[in-house]
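Inspection log for the structure reproduced underneath, given as structure tokens.
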Amino acid sequence: MLMLLRKMVEIYFSDIENVNRYTYKELKIATEGFSPANKIGEGGFGSVYKGKLRNDTLAAIKVLSAESRQGVKEFLTEIKVISSIEHENLVKLYGCCVEGNHRILVYEYHENNSLAQTLLGGGHSSIQFSWDVRRNICIGVARGLAFLHDVVQPHIIHRDIKASNILLDKSLQPKISDFGLAKLIAANLTHISTLVAGTAGYLAPEYAIRSQVTRKSDVYSFGVLLLEIVSGKCNTNRRLPVGERYLLANAWDLYEKGETESLVDVFLDGEFDVEEAIRFCKIGLLCTQDSLQLRPSMSEVLDMLIGETDVNEEKMAKPGLVFEIIEAKERRKQKGTAEVENASSSLVGSGRQDDSSLSGIADSFATMTFTSIYDRSN
């Protein structure tokens, strides 16, 4: 199977003309033998190293695991998507290496890493995320997504918009990265049916439950990210009680109470534009509505963020809270496990075990598509 996948990669690359090719040897030299000291990240399909190319250009060198079948598909998709487009808010691909079992992507290096490791990384970053910085990041990501959704033909659905895939350059300008899950969609299609892949917490309901992905699925993910940037909190914190662990639910509760301002990051210490911050929170809630028809397009989101159009709250409804389904599933599973244990103990005590008495405990809800979600590493 690996030989077949390797052949597929070689055939694909024979038709590519606009991508620089690097040898494994020169990338090994660039990273000092892929030294652990140069390792700057790790995801579900490999590691990322900081390296210096022959022209002294710093690069982020993404090495895909040779054993990963999914990695081949992601590798090809990422090159196909990112090599043909360019935008100030998209990460730039320098080139790649296809040599034997080695599949390596070479990207421009961003010294300020990702939002996940800086803004949401537990306070270890020296970056000062003022309100102006946060505003510019939100608008920049929106510009990048609007470009993918409305300008590029065919349109591109990213499918994995999250804090760890938003890199920051030296000027703290955001760059959307990791196009390994991206899908191309023609303008006349309403959706694409595909296996669910992405990060729990950012997945739109129609995608997580029905495996249907659209540009509005990216809009949902952006809405979650927007609330994270404004609040400085991760979308999920399982160390907190159930009623407090989900950012999206908390945001909706505060909105209903007329206390949206309370969602803004306390570390801003009141140094922010209150009206603008509240508007950004409302936009985040608009983006995460359960009905994808009620969500704005990314172009509309961008216009609202920069203040060119008003936020229409008339049809704003409760967000699509996918985690409620997950929590219900977990509770039912725990209850089922307890019932099985009790039933088993009872049957053992009576000296018999009837399989039919246990069959009704299985929860059909657990067969939903959440079992196919793989949570890509943050």
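All heavy atoms count here, side chains included; hydrogens, waters and symmetry mates do not.
- When the shell of 6.0 Å around CD of Glu271 is examined, it contains 12 or fewer heavy atoms from other residues, nucleotides or ligands.
- Side-chain atoms of Arg245 never come within 3.5 Å of backbone atoms of Thr236 as a donor-acceptor pair (strictly under, hydrogens ignored).
- A donor-acceptor contact shorter than 3.5 Å is absent between the side chain of Thr288 and the backbone of Pro319.
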**Report entry** salt bridge (charged side-chain N to carboxylate O under 4.0 Å, His left out) assessment of Glu32 paired with Lys52
**Finding:** CA-CA 9 Å; Glu32 299 178 319; Lys52 182 178 286 188; over 6 Å; no
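- Nearest heavy atom pair, residue Cys138 against residue Phe280, reads CB-CE2, 3.9 Å.
- In Gln128, the CD atom is not crowded: 12 or fewer heavy atoms of neighbouring residues, nucleotides or ligands sit closer than 6.0 Å.
- A donor-acceptor pair under 3.5 Å is absent between the side-chain atoms of Glu259 and the main chain of Leu254, judged by distance alone.
- A donor-acceptor contact shorter than 3.5 Å is absent between the side chain of Glu276 and the backbone of Asp273.
- Looking at residues two or more places apart in sequence or on another chain, you find no salt bridge (Lys or Arg N to Asp or Glu O under 4.0 Å) involving Lys233.
- With values rounded to the nearest 0.5 angstrom, Tyr220 atom OH is found 8.5 Å from Leu203 atom CG.
- Without hydrogens or angle criteria, Asn20 side chain to Tyr94 main chain gives a donor-acceptor distance under 3.5 Å.
- Not one N or O on the side chain of Asn89 forms a donor-acceptor pair closer than 3.5 Å with the backbone of Val141.
- Distance CG/Leu105 to OG/Ser83: 10.0 Å, rounded to 0.5 Å.
- Electrostatic pairing of Arg279 and Asp310 does not count as a salt bridge here, judged by no charged N lying under 4.0 Å from a carboxylate O.
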Report task. Before giving the answer on side chain to side chain contact (heavy atoms under 4.5 Å, CB included), spell out for Leu27 and Tyr24 the whole-Å C-alpha distance, their side-chain angles and the decisive distance to 0.1 Å. Result -> CA-CA 5 Å; Leu27 295 182; Tyr24 181 75; 5.7 Å; no
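- The backbone N or O of Leu168 sits nowhere less than 3.5 Å from a side-chain atom of Asn113 that would complete a donor-acceptor pair.
- A salt bridge links Glu206 to Arg295: at least one charged side-chain nitrogen sits closer than 4.0 Å to a carboxylate oxygen.
- The pair Lys162-Asp178 does not count as a salt bridge, with every side-chain nitrogen at least 4.0 angstrom from each carboxylate oxygen.
- Ion pairing between Arg135 and Asp132 holds under the 4.0 Å rule for side-chain N and carboxylate O.
- For the pair Lys175 and Glu88, the salt-bridge criterion is not met [side-chain N within less than 4.0 Å of a carboxylate O].
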Requested in this report: In sequence, state the C-alpha distance, the side-chain angles, and the governing distance for His155 and His149, and then conclude on side chain to side chain contact (heavy atoms under 4.5 Å, CB included).
Outcome: CA-CA 5 Å; His155 305 310; His149 286 188; 5.6 Å; no
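- Of the possible donor and acceptor atoms, none in the side chain of Tyr207 sits under 3.5 Å from a partner among the backbone N and O of Thr214.
- With Ser231 contributing its side chain and Leu263 its backbone, the two residues share no donor-acceptor pair below 3.5 Å.
- A donor-acceptor pair under 3.5 Å links the side-chain atoms of Ser297 to the main chain of Glu300, judged by distance alone.
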